[in-house]
Every structure is written in structure tokens, then in C-alpha cells.
Amino acid sequence: MSDPSTASIVSTPAAHPTESAAPAAGQPQSNEKPRGLLGDAWRDLRRKPLFWISVTLIVIFLLMAAFPSLFAPGDPVNGSLTNSLKKPSADGWFGYDVQGRDVYARTIYGARASIIVAVLSVLGTLLVGGAMGIIAGYRGGWVDGLLSRIADVFFGLPFVLGAIVILTTFNGSGSGNSKAQIMSLVIASLVVLSWPVVMRLMRSSVLSTKEADYIVAARALGAGTGRIILKHLLPNCLAPLLVYGTIMVGSFIGAEATLSFLGVGLKSPVVSWGIMISGGKDFIRVAPGLVFFPAAFLVTAVLSFVMLGEAVREALDPKLR
């Protein structure tokens with residue numbers, strides 16, 4: 001394998017030392033610079049309508065999470081019992097829940113907790129799993145064997161069961177945790193149960209890259225382990241992690257909603273789509289909007305990140321073009 005930074009440079013012997021390299025007559029001269037992997041991927045992504053649809057939806061959800069008051073000026077926490085289970089109207093577009101709270105405002109504000117938990121969980125998973133994978137793949141030997149066996153132990157834990165055990169232990173009823181503590185516990189449980197997958201991806205990428213010519217040349221020139229990993233290995237092993245991380249954001253949004261629905265994830269006073277679905281399931285016959293609206297936003301957010309991940313995967317994989 002050659003160095004990706006020089007893969008586009010092709011040298012051909014000239015027919016004569018003084019022969020000009022000008023293009024043949026009638027052929028326009030191309031000033032286009034050679035593109036790398038990311039340049040080709042971006043050129044391919046720009047032509048995909050699915051990419052722009054998913055990016056537009058993701059930007060909307062991110063704006064909802066960052067500035068929810070721009071979309072819903074109502075109060076998502078406090079309500080009036082006089083509005084209990086009122087139908088959708090001009091005052092409350094999605095109606096009101098059993099406590100008289102505006103369902104539309106709660107749906108908009110619910111994006112913040114769900115997206116923050118998902119994004120921070122993905123970043124933590126990529127950092128922990130990526131670091132473990134680089135160490136295991138680059139060092140090899142007993143280090144690789146030890147880290148791989150530790151990953152197998154965590155990989156064998158059922159995700160939902162493991163999350164329930166962790167969260168009921170530290171976030172059970174009567175724990176009195178604050179909003180930040182509740183979200184931190186959910187993020188920690190997702191990271192602990194998900195890092196082995198990222199570790200395996202990074203390890204396999206490092207194993208297939210560490211014996212490349214440019215890595216061997218850098219090692220022969222006296223480059224240290226840290227420089228080889230940061231300057232050569234890491235940039236050339238990030239593509240699969242980028243794809244998996246994008247898809248994993250959508251998966252973690254769904255995982256957080258599942259745990260909150262089961263009563264072991266985020267809890268009041270935090271507002272999230274999973275909590276809203278859990279609270280509205282008992283009134284689905286008299287007020288189906290209590291479940292439908294947050295579920296619709298949840299499904300749309302998950303599909304947006306999954307579609308973006310699929311588009312990025314197809315753009316980064318030359319075999320799928």
C-alpha cells in the first residue's frame with residue numbers, strides 16, 4: 001500500500017529530456033488539482049439528494065437542540081391542569097398532556113437532551129474504543145491479546161440488560177440525581193457497553209495499515225511511536241470510524257429513548273422524547289398525539305443520521321461508487 005498523500009502522483013519517463021510536457025493540440029489544458037480520498041468523497045456526496053436531505057434535517061434538529069426557544073416559546077416543564085388532555089389547537093399545536101403541559105414545546109425541547117446524550121456518547125465511545133484499538137493493533141502480542149479479551153467480555157454483555165443493571169444501580173428510584181448527573185450516567189452506560197465495537201474496527205484498520213510502505217519508511221527514518229500513530233496511522237484509519245460514528249448517533253438517540261421509556265434512562269425533570277412516549281402510552285386512546293408527535297420526531301432524527309452515515313459510507317468506499 002502506498003502513501004495516500006502521494007497516491008495521485010504518477011511519474012512517467014519523458015521521450016526526450018528536452019521534450020515539452022504541454023498538452024497535445026486541440027486538447028484543453030486541465031488545471032484541476034489531484035484530489036485525495038476526502039476530496040473524492042465530498043465530490044460524490046454533493047451529487048446525492050439523500051445527503052442533502054439528511055444534512056438539512058440534522059441541521060434543523062441541531063438548531064432545535066441549541067435554540068429551542070426559537071421554535072417553541074412555550075414552557076415545556078410547567079403547565080395548567082385546566083388544559084389537561086386538550087386537543088391540538090391554535091394555542092397548542094400538538095395539544096396538551098395530562099398535566100396540562102404544551103406537547104409541542106416539550107417535543108421541541110426534548111431534542112436537546114436526546115441529541116446531547118447521543119453526541120457525547122458517540123464521542124466517548126470513539127475516544128475509548130479508538131484508543132484501545134490503536135494500542136491493540138499497533139503493539140500486538142500480549143497487549144493485543146489482553147485488550148481483545150477485555151473487549152470480548154464487554155461485547156458479550158446484552159446491551160439493554162447491561163444498561164438496565166448499570167442505571168438501576170446508580171440512577172434508581174430515590175437517588176435524587178440532578179439533570180447533569182442523570183445525563184452523565186446514561187452517557188457512561190452507553191460508552192461502557194459500546195466501545196468494543198469501535199475497538200475492533202480501529203484494530204482491524206491499524207493491522208491492515210501498520211505494515212504499509214510509508215509506515216515502514218517513517219519507522220526507518222527514526223520516527224517515534226507517537227508520531228507514527230498521530231501523523232500516519234490515525235489519519236488513514238479514520239474513515240470507518242467516521243461512518244460508524246455517524247450511524248451510531250442515530251442508534252444512540254434510539255437507545256436513549258428506549259432506556260427512558262423503560263424508566264431507567266433519563267428521568268424528570270429532564271425532557272426527552274423517550275420520557276414523553278413513556279408518559280403518553282397510558283393515554284394513547286384518548287390522546288394519541290402524546291405518543292405520535294415525539295415518536296415521529298424520534299424516528300425522523302434516527303433516520304436522518306442513519307441516511308447520512310450510509311451516504312458517507314458509499315462515498316468513502318470506492319467499491320460502492
Side-chain angles (χ1 to χ4, degrees), residues 1 3-5 36-38 41-42 45 58 115-157 159 162-163 166 183-212 214-216 218-219 223-256 305-306 308-318:
M1 183 184 296
D3 189 348
S5 62
L37 176 63
L38 294 180
W42 172 241
L45 283 173
I58 289 173
I115 291 178
I116 287 177
V117 168
V119 171
L120 293 181
S121 299
V122 169
L123 292 178
T125 303
L126 293 179
L127 288 175
V128 175
M132 293 288 189
I134 289 178
I135 295 173
Y138 187 77
R139 300 298 299 179
W142 68 269
V143 176
D144 184 14
L146 177 62
L147 294 179
S148 297
R149 298 297 76 78
I150 295 175
D152 290 340
V153 172
F154 284 89
F155 195 78
L157 294 174
F159 182 84
I166 295 174
M183 295 177 68
S184 299
L185 288 172
V186 175
I187 292 170
S189 64
L190 293 175
V191 172
V192 167
L193 296 170
S194 303
W195 70 266
V197 180
V198 177
M199 184 261 189
R200 288 186 174 186
L201 285 175
M202 179 59 81
R203 175 181 176 274
S204 61
S205 298
V206 171
L207 288 176
S208 62
T209 307
K210 72 175 184 177
E211 299 301 333
Y214 57 93
I215 301 293
V216 175
R219 191 180 297 114
T225 301
R227 181 176 179 82
I228 291 176
I229 291 176
L230 295 178
K231 297 293 185 180
H232 301 286
L233 274 179
L234 192 58
N236 291 286
C237 296
L238 283 180
L241 262 67
L242 179 63
V243 174
Y244 184 72
T246 306
I247 297 176
M248 195 161 50
V249 173
S251 301
F252 279 177
I253 291 176
E256 178 275 317
F305 283 100
V306 171
L308 178 61
E310 289 295 328
V312 173
R313 182 178 67 88
E314 293 178 1
L316 291 176
D317 192 348

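The figures here come from the full heavy-atom set of this structure, side chains too, leaving out hydrogens, waters and symmetry mates. By convention here, the first residue in the shown sequence is residue 1.
With S148 contributing its side chain and G145 its backbone, the two residues share no donor-acceptor pair below 3.5 Å. Side chain of S194 to main chain of V191: no donor-acceptor pair is present (N/O by atom type, distance under 3.5 Å, no hydrogens or angles).
Counting heavy atoms from C-beta outward, M248 and V198 have side chains that approach closer than 4.5 Å.
For the atom pair CD1 of I58 and CG of L308, the computed distance is 4.5 Å after rounding to the nearest 0.5 Å. In this structure, the separation between CD1 on I187 and CG on L123 is 9.5 Å, given to the nearest 0.5 Å. Interatomic distance, CD1 of I116 versus CD1 of I253, reported as 11.5 Å (0.5 Å rounding). Rounded to the nearest 0.5 Å, atoms CG (L120) and CD1 (I115) are 11.5 Å apart. Atom CG of L193 and atom CZ of F155 lie 11.5 Å apart (nearest 0.5 Å). Here the straight-line distance linking atom CG of L190 with atom CG of L185 works out to 11.0 Å at 0.5 Å rounding.
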* Hey, mind stepping through V117 and F252 against side-chain contact (heavy atoms from CB on, under 4.5 Å) and telling me if it holds? -> CA-CA 8 Å; V117 168; F252 279 177; over 6 Å; no

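Residues A136 and R203 come closest through the heavy atom pair CB-CD, 4.2 Å. Listed here is the closest heavy atom pair of M199 and A151: SD-CB, 3.9 Å. Contact detail for G250 and F305: the closest heavy-atom pair is N-CB, 3.6 Å.
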